[in-house]
2 protein chains.
Amino acid sequence: MAVRLADVAAAVGLSGSTVSRALSDPDKVNPATRERVLKIAQEMGYVPNQSARSLTAGRTDLIGLLVPDIANPFFPPIIKAVQARANDKGKTILIADIDERPGDELQRARLMRKRSDGLLIASPRTPQDQLAELVALQPVVFINREVPGGTSVIIDSADGMDQAVDHLAALGHRSIAYLNGPRRSWSNTQRQKAIKHACRRRSITLHEFGPFEPQVQSGVHAADLVHASEATAVIAYDDLIALGVIARLTERGIRTGEDVSVIGVDDSPMSAMAYPTLTTVHVPGAEAGSAAVDALLALIDGAEPGEVVNLETRLVVRSSTGPAPS
Amino acid sequence: MAVRLADVAAAVGLSGSTVSRALSDPDKVNPATRERVLKIAQEMGYVPNQSARSLTAGRTDLIGLLVPDIANPFFPPIIKAVQARANDKGKTILIADIDERPGDELQRARLMRKRSDGLLIASPRTPQDQLAELVALQPVVFINREVPGGTSVIIDSADGMDQAVDHLAALGHRSIAYLNGPRRSWSNTQRQKAIKHACRRRSITLHEFGPFEPQVQSGVHAADLVHASEATAVIAYDDLIALGVIARLTERGIRTGEDVSVIGVDDSPMSAMAYPTLTTVHVPGAEAGSAAVDALLALIDGAEPGEVVNLETRLVVRSSTGPAPS
DNA sequence: CTGAAAGCGCTTACAG
DNA sequence: CTGAAAGCGCTTACAG
């Protein structure tokens, strides 16, 4: 097999204890000794066995990350940021894709938990009544959902939604539509509430449609409903739905940004490359990912669960919104 | 701490050996005994310590996956498929994002290798002269690049490119442009070669532009170059570049699919939601991911390195291509 | 600063 | 079919 600690010890003519210390706790060893050990270990191509190290140290330096669907463009930026932050901290990421099957989430979380020092669960889909079992898998940090008793990094839609309504109001829109996301989505509840509030405050008429699945196809469907209503602007649950709306309007010869204004949520890469480019609420997925890693490491180090990190959203204005038609 | 094997053994009144066997090698134990052990282990909430198991078993049941950039839409389908396949086989995925820094790839690969039973490296960016060091990290499977001496799952662009040129030829195009991807990209070399060959065979004039980075912005730039040439159709290195071309053409009032035909490569989700929808060469990323996991498991089980799995591509015709303008 | 020894929690020949 | 014992490769009090 590979070179072991004992092989290095024999080669240097020291005990395993000293070699171990030279490698993992350099301050406890004579500098000269340390140099020799390091040099020879290097020459021999010594690589510590992680399983043995984990067994004695009681930790794996592994972090589990669960996401509902890697292919959903909302998640890659989160995954990427989590990975980067964890790497900086000397941790490695285990990844699990739930493939949008809420029933699998808890079981996959249990499996991941026993291989890692803690869990990051992005947009958990587990129903309310089983949430406690997820929280019990401490240390755990939830991303994009506030979970009772659990540590969460959430993204506050209120600000962004408020800005979106404000933007439309300034453009003269008096009647707008909101396309709801999935019924059980925590984010949708937040967004719906914020938008209702914002419209009421400005005496804007709000028409609601949905629930819709977060897919382009849903937007294609929704576009016709919206166009049949009196709304001159539409805010969609997410960019995918918004892009579907635009595609369908364009197909029907209705000009987005002139005849109808459209706003999405997520600021996913596609929103900048659509035609016309999509006005959307920027959701800081990457920041959420980094913050979640930090919160998890704090938990692993003994912090009390329950902290809620709240990130803000903001409107990014592009070409899909314009003055209300007169 | 948690319940250990010894605790379960004490509770059942059996030796640790028997409990161990009942759990991991049920056939070697009396059925009745097995039942008792399983029942009690379950009741006590016993979960085997993976580090200890790995240390004795000599394997981690972990597979490392390296990707150049999780946020690049080409990779999520691969990651998703790898994860799904690995999960089916009882393996868990460690993920690393190289963030498009070729120089980091080898080092990250080494780190991942010592935590896992084997490596999957998607679209390796490591330069030719260091490739051997990557191959030395056996068991390793490369996805989307053929590496001397290594096991690879590659995607053969030739077929798809041939179909693309065929499609354009049938539409009456006699002069087409190819937008090259990054200079050192293995895929680009393959695609360029295939397209040259296909054009020569049909006596079609080929204009080459680039190299370009695989980004929308590159396409925006390229669009003007193409339009200034005599080409009536353009094949881009990937969908991102193709989408940039379309966006710019639309902006300039040039109708895609009528004045100019555009073809991408990847068949990424965006290609179906662009306007007009993008004709593109479907690249079977998910199939590649599954095949790579299978190849890696075979290597881990002792197969000889060097196998090359070749997957085919095919053209998906949408609305961005049409008859050549007369 | 260094070494001998025990221990982390499992698995696996080897006996019986 | 079951048990005692050794061992996987490290780390860490405990002595010196």
Side-chain angles (χ1 to χ4, degrees), chain A residues 1-42 44-62 90 92 111 113-117 300, chain B residues 1-42 44-62 90 92 111 113-117 300:
Chain A
M1 282 271 299
V3 229
R4 293 155 310 147
L5 181 67
D7 301 327
V8 178
V12 203
L14 284 170
S15 74
S17 319
T18 303
V19 173
S20 171
R21 279 187 287 254
L23 262 21
S24 18
D25 211 347
D27 292 340
K28 292 192 176 164
V29 128
N30 183 302
T33 312
R34 190 195 319 152
E35 292 310 316
R36 272 173 57 217
V37 172
L38 258 40
K39 181 158 170 292
I40 299 208
Q42 166 97 44
M44 300 177 72
Y46 171 67
V47 175
N49 178 310
Q50 294 299 327
S51 301
R53 178 172 272 187
S54 299
L55 181 56
T56 36
R59 55 187 172 70
T60 59
D61 290 326
L62 257 28
T92 304
L111 278 169
R113 181 61 188 86
K114 68 180 193 187
R115 297 192 153 282
S116 60
D117 295 339
I300 292 174
Chain B
M1 281 272 298
V3 227
R4 293 155 310 147
L5 181 67
D7 301 327
V8 178
V12 203
L14 284 170
S15 74
S17 320
T18 303
V19 173
S20 171
R21 278 187 288 254
L23 262 20
S24 19
D25 211 348
D27 291 342
K28 292 191 176 167
V29 127
N30 183 303
T33 312
R34 187 196 320 152
E35 292 309 317
R36 271 172 58 216
V37 172
L38 259 39
K39 181 158 169 291
I40 299 207
Q42 165 97 43
M44 299 177 72
Y46 171 68
V47 176
N49 179 310
Q50 294 298 328
S51 302
R53 178 172 273 188
S54 298
L55 181 56
T56 36
R59 56 187 171 72
T60 60
D61 289 326
L62 257 27
T92 305
L111 277 170
R113 181 61 188 85
K114 68 180 191 185
R115 296 192 153 282
S116 60
D117 296 340
I300 292 175

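A, B, ... follow the sequence lines: proteins, then strands. Residue 1 opens every chain. Scope of the values below: all heavy atoms of this structure, side chains included, with no hydrogens, waters or symmetry mates.
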Rounded to whole angstrom units, what separation is found between the CG atom of B/Asp7 and the C1' atom of C/dC10?
-> 13 Å
Separation of atom CG in A/Asp27 from atom C1' in C/dT2, rounded to whole Å | 16 Å
Nearest-Å distance, NZ (B/Lys114) to P (D/dG9)?
-> 16 Å
Look at the side-chain N and O atoms of B/Thr33 and state whether any lies under 4.0 Å from the OP1 or OP2 oxygen of D/dT2.
-> yes
So, the side chain of A/Arg53 versus the backbone of A/Thr56: is there a donor-acceptor pair under 3.5 Å, distance only?
-> no
So, for A/Thr60 and B/Ser51, which heavy atoms are closest and what is the spacing to 0.1 Å?
-> CG2-OG, 4.0 Å
Short side-chain to backbone donor-acceptor contact, B/Ser20 and B/Gly16, under 3.5 Å | no
Side chain to side chain, A/Val3 and A/Val47, heavy atoms closer than 4.5 Å = no
Assign a letter to each nucleotide of nucleotides 11-16 of chain D from its 5' end: B, base within under 4.0 Å of a protein heavy atom; S, sugar-phosphate only; -, no contact.
-> BBB---
Nearest heavy-atom pair of A/Leu38 and A/Ala22: which atoms, and what distance?
-> CD1-O, 3.9 Å
A/Leu55 atom CG is separated from C/dG7 atom P, nearest whole Å, by 14 Å
What is the pairing partner of D/dC14, taking Watson-Crick or G-U wobble pairs with both distances under 3.5 Å in any strand?
-> C/dG3
To the nearest angstrom, the CZ-C1' distance between B/Arg4 and C/dC8 comes to 10 Å
Provide, to the nearest angstrom, the distance between the CE atom belonging to A/Met44 and the P atom belonging to D/dG9.
-> 14 Å
Measure the distance from CG on B/Asn49 to P on D/dC8 and round it to the nearest whole Å.
-> 18 Å
Closest-nucleotide ordering on DNA chain D, the 5'-leading residue of A/Ser51 and B/Pro31 | B/Pro31
Taking atom NZ of A/Lys28 as the centre, report whether more than 12 heavy atoms of other residues, nucleotides or ligands fall under 6.0 Å from it.
-> no
Only one of B/Ile40, B/Val37, B/Leu23 passes side-chain contact (heavy atoms from CB on, under 4.5 Å) with B/Tyr46; say which it is.
-> B/Leu23
When the distance from CD of A/Gln50 to P of D/dC8 is rounded to whole Å, what number comes out?
-> 19 Å
